[in-house]
2 protein chains.
Amino acid sequence: MTDASVAPLDTARAWEVVLQHIEGELISGALRPGDHLPAERALAAELRVGRSSVREAIRVLEVLGLIRTQSGSGPQSGAIIIARPSGGLAALVRLQVAAHGFAVRDVVKTRLVLESAVVTELAENPAAELSAARELLDAMEAVPAPDAPAASRDEFLTLDQAFHLALAAASGNEVMAAMMGGLRDSVEAYVRVGASFLPSWETTSARLKIEHRGILAAIEGGDAELARTRIREHIERYHAETDVSGIHAPTP
Amino acid sequence: MTDASVAPLDTARAWEVVLQHIEGELISGALRPGDHLPAERALAAELRVGRSSVREAIRVLEVLGLIRTQSGSGPQSGAIIIARPSGGLAALVRLQVAAHGFAVRDVVKTRLVLESAVVTELAENPAAELSAARELLDAMEAVPAPDAPAASRDEFLTLDQAFHLALAAASGNEVMAAMMGGLRDSVEAYVRVGASFLPSWETTSARLKIEHRGILAAIEGGDAELARTRIREHIERYHAETDVSGIHAPTP
DNA sequence: CAGACCATGTGGTCTGACCACAATAACACG
DNA sequence: CGTGTTATTGTGGTCAGACCACATGGTCTG
């Protein structure tokens with residue numbers, strides 16, 4: 001048994017050792033998406049660190065969206081390398097916005113830049129697979145919006161986000177897709193609050209549907225310039241309408 | 001004392017409770033950059049969770065670049081909210097690349113999109129403060145590059161990155177600056193490896209200097225289109241030259 | 001008054017012990 | 001012989017307590 005508490009020997013904290021070990025195995029290809037990480041206890045023994053240190057590294061990987069953990073037994077249990085990235089960026093951006101107070105304006109601006117690039121890419125690539133986006137638009141039409149109970153508003157907003165993400169996914173650039181998702185999530189709260197203050201949700205949602213169709217049409221028509229213009233107006237108008245800059249924190 | 005092991009009561013894991021608690025205090029403004037988090041033991045007692053759960057949350061925040069931890073005593077010890085965000089995105093992207101979640105190509109592409117937006121913004125805004133970028137270019141000229149010992153190469157690359165970040169900072173959009181920095185950092189390793197394989201570093205660095213001057217000149221001349229073209233060629237050419245896509249893993 | 005010296009508080013780590021859960025193996029019973 | 005039930009095993013999730021190394025600040029001594 002190793003003597004207890006041998007922390008600052010190598011300057012690298014124990015959990016960093018674990019993290020670097022796993023990263024190394026990812027780079028070398030010893031670990032690939034779908035693979036299981038060794039059990040926490042086994043990893044701890046292998047690397048000669050405490051299980052708590054292993055857990056701290058595992059936690060980081062989980063939040064970063066690299067692995068998924070599941071207790072219990074069987075093939076689905078343990079820590080599994082996730083193939084498709086998700087969540088991590090959203091959590092990061094959300095927390096950075098919360099902590100450092102990134103201006104919502106800057107977040108929206110950045111998102112606009114990315115979305116413009118996405119639609120440009122799609123418009124210039126006729127082979128783009130847009131059926132997913134199309135289906136989401138159909139689903140949006142189907143949302144019951146009689147007089148907009150909060151539930152249907154939320155459902156619509158969810159579909160709205162899914163539409164934008166579908167476009168990003170269609171572009172094939174997962175980095176951009178993940179970033180867009182993260183940026184959108186981080187201003188999500190503001191959007192939902194703002195949406196509840198709209199004079200007429202029915203009017204707004206109808207306009208949003210039209211704008212979405214317009215964006216998709218521009219892409220399918222191969223008109224990148226038009227697609228850029230429309231996505232810009234779509235985002236800018238929406239955030240102008242749902243502006244809640246005077247609400248933020250209840251500064252008395 | 002609370003009964004030991006009361007995990008799946010509320011469906012939220014203990015460390016998530018801690019994370020959400022801290023996030024809430026960030027959003028509400030109770031915690032601001034520069035503030036100290038409560039001591040781990042105190043936080044654990046307050047939230048009725050184990051210290052290890054608190055540590056897992058702290059670890060996540062640290063990797064995400066939100067806090068800095070320092071053992072010992074005094075004003076500099078403990079977990080402190082970091083003022084300027086850094087590192088987090090780079091770590092995330094780097095690990096995602098390692099896990100094959102992101103392609104380096106996509107990372108570079110995304111960076112290109114952001115940088116294009118930055119130079120466009122700068123070119124269209126005559127009031128932009130570019131003195132920092134200018135000074136960095138002067139510093140680059142001064143780097144002794146006789147026959148490029150590795151040290152001067154590294155120094156040059158550092159200044160190179162600083163130049164790009166200075167442009168982003170000048171645009172005033174912190175989100176974009178943070179993302180650009182993170183993306184650049186995440187491919188840093190690839191860049192440095194590639195740079196060591198260049199046939200003639202002297203030639204390359206001379207070209208890079210010229211390109212940098214050209215970008216800055218286009219911005220100062222208010223020619224957004226030209227600035228975009230130049231930044232694109234700058235980045236694309238560089239990554240074409242330092243392409244190490246065939247190196248990666250020694251797939252036998 | 002200055003320097004040495006402990007007391008204190010902090011993160012960092014390890015160990016050992018539970019719990020809840022899911023899959024599987026072993027078993028008993030009709 | 002088949003089938004349903006019951007241990008067994010292995011996993012993450014959590015907690016509690018114990019050290020260590022370190023930095024600080026007050027206290028004590030020469």
Side-chain angles (χ1 to χ4, degrees), chain A residues 1-22 34-64 66-82, chain B residues 1-22 34-64 66-82:
Chain A
M1 51 221 62
T2 62
D3 48 347
S5 358
V6 196
L9 269 183
D10 5 51
T11 63
R13 286 118 109 201
W15 65 270
E16 286 180 317
V17 172
V18 180
L19 206 53
Q20 286 164 14
H21 173 80
I22 296 176
D35 287 353
H36 282 66
L37 250 56
E40 295 179 355
R41 292 167 177 83
L43 205 48
E46 178 188 348
L47 300 180
R48 310 295 219 81
V49 298
R51 190 184 160 208
S52 46
S53 299
V54 171
R55 282 185 59 76
E56 291 183 18
I58 297 265
R59 197 60 57 230
V60 166
L61 292 173
E62 181 178 345
V63 170
L64 260 40
L66 260 84
I67 62 176
R68 166 177 72 78
T69 63
Q70 173 75 53
S71 60
S73 173
Q76 292 306 311
S77 74
I80 305 177
I81 312 277
I82 294 180
Chain B
M1 53 217 59
T2 62
D3 47 347
S5 1
V6 195
L9 268 183
D10 6 49
T11 63
R13 287 118 106 199
W15 64 271
E16 285 181 317
V17 172
V18 179
L19 206 53
Q20 286 164 14
H21 173 80
I22 296 176
D35 287 353
H36 282 66
L37 251 58
E40 295 178 356
R41 293 166 177 84
L43 206 47
E46 179 188 347
L47 299 180
R48 310 297 218 80
V49 298
R51 191 184 158 205
S52 47
S53 299
V54 171
R55 283 184 61 75
E56 290 182 17
I58 298 262
R59 196 62 55 232
V60 166
L61 292 173
E62 182 178 345
V63 170
L64 259 38
L66 256 84
I67 63 177
R68 168 177 69 78
T69 62
Q70 173 76 53
S71 61
S73 171
Q76 293 306 311
S77 73
I80 305 176
I81 313 276
I82 291 181

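What you are looking at is a predicted structure, and each value in this text was computed from that prediction instead of being measured. Residue numbers begin at 1 in each chain, while the letters A, B, ... track the order of the sequences.
Judged by distance alone, with hydrogens and angles left aside, Arg13(B) brings no side-chain donor or acceptor close enough to the base of dG12(D) to form a pair under 3.5 Å. Between the base of dG13(D) and the side chain of Arg51(A) there is a donor-acceptor pair shorter than 3.5 Å. In the interface, the side chain of Arg41(B) is not paired with the base of dG17(D) through any donor and acceptor atom under 3.5 Å apart.
Nucleic acid contact class of Gln76(A) (heavy atoms, under 4.0 Å, all strands): none. Contacts of Ser52(A) with the nucleic acid, taken as non-hydrogen atoms under 4.0 Å apart, include base atoms. As judged by a 4.0 angstrom heavy-atom cut-off over every strand, Arg59(A) is placed among residues touching the sugar-phosphate backbone only.
Of all nucleotides listed (dG13(D), dG25(D), dG10(D)), dG25(D) comes nearest to the side chain of Pro75(B). Taking the side chain of Ser53(B) as heavy atoms from C-beta on, and the options dG12(C), dT11(D), dT14(D), the nearest nucleotide is dT14(D).
Shown here, dA26(C) forms a base pair with dT5(D); the pair counts as Watson-Crick or G-U wobble because both key distances fall under 3.5 Å.
Between Gly50(A) and Gln70(A), the residue anchored nearer the 5' end of DNA chain C, judged by the nucleotide with its closest heavy atom, is Gly50(A).
With hydrogens and angles left out, the side-chain atoms of Thr69(A) and Arg13(B) include a donor and acceptor closer than 3.5 Å.
One finds a side-chain N or O of Thr69(A) lying less than 4.0 angstrom from the OP1 or OP2 phosphate oxygen of dG13(D).
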